[in-house]
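Bear in mind that the values here come from a model prediction, so they are computed numbers and not experimental data.
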Amino acid sequence: MPQDEPQPARRRRTRLYALTDGRTAAPHTVLTMDTTITAAAGGEAPGGLPTEWRAILAMCAPPGGLAVAEIAARMHIRLTPMTLLLGELADRGLIHHRPPLDRSETTDVHLLRKIRDNLARI
């Protein structure tokens, strides 16, 4: 590529150890890759937070929520550092987390039939 042509702008990425302040384990909150994350408050994230934290809070705005693995994929951050970041957000009360449903909660045939029947009525 000739030097006269402008180079495409590359997004500068923060080093993972800087995002996690060198931590390798969450102090209080332990999250799995299928834990659902929802921001504690809707709207704007509090000022003064790191850019990555604000992005996470924006994408997990209530009433929805995203799985830890999906957040990591969207942010292009490996899963382990993402769980540390989310653990920090949870410890500060900025996000709510809900464990995945138990297998027994997702395989209730009677419940699935009720849902199917109610959807058919719509």
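Of the inter-residue distances, the one linking C60 atom SG with E70 atom CD reads 8.5 Å to the nearest 0.5 angstrom. Residue T36 holds its OG1 atom at 7.5 Å from CG of D34, rounded to the nearest 0.5 Å. For the atom pair R98 CZ and H96 NE2, the distance stands at 12.5 Å (nearest 0.5 Å). To the nearest 0.5 Å, atoms CG (L94) and CZ (R54) are separated by 12.5 Å. Atom CE in M33 sits 11.0 Å away from atom OG1 in T80 (nearest 0.5 Å).
Minimum interatomic distance between P62 and A39 (heavy atoms only, all atoms of both residues): CG-O, 3.5 Å.
Between I71 and M59 the shortest side-chain heavy-atom distance falls below 4.5 Å. Side-chain contact between V68 and T83 is present, with at least one heavy-atom pair separated by less than 4.5 Å. Using a 4.5 Å cut-off on side-chain heavy atoms (C-beta onward), M82 and L31 make no contact.
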*Given the rule in the side chain to side chain contact (heavy atoms under 4.5 Å, CB included) test, do I56 and M75 qualify, once you have shown the distances and angles that lead to the verdict?*
CA-CA 8 Å; I56 291 168; M75 296 286 295; 4.2 Å; yes
_Working for side chain to side chain contact (heavy atoms under 4.5 Å, CB included), residues I37 and I95_ = CA-CA 7 Å; I37 303 296; I95 61 170; 3.8 Å; yes
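A donor-acceptor contact under 3.5 angstrom links the side chains of T32 and T35, judged on distance only.
Between the T38 side chain and the G64 main chain, a donor and an acceptor come within less than 3.5 Å of each other.
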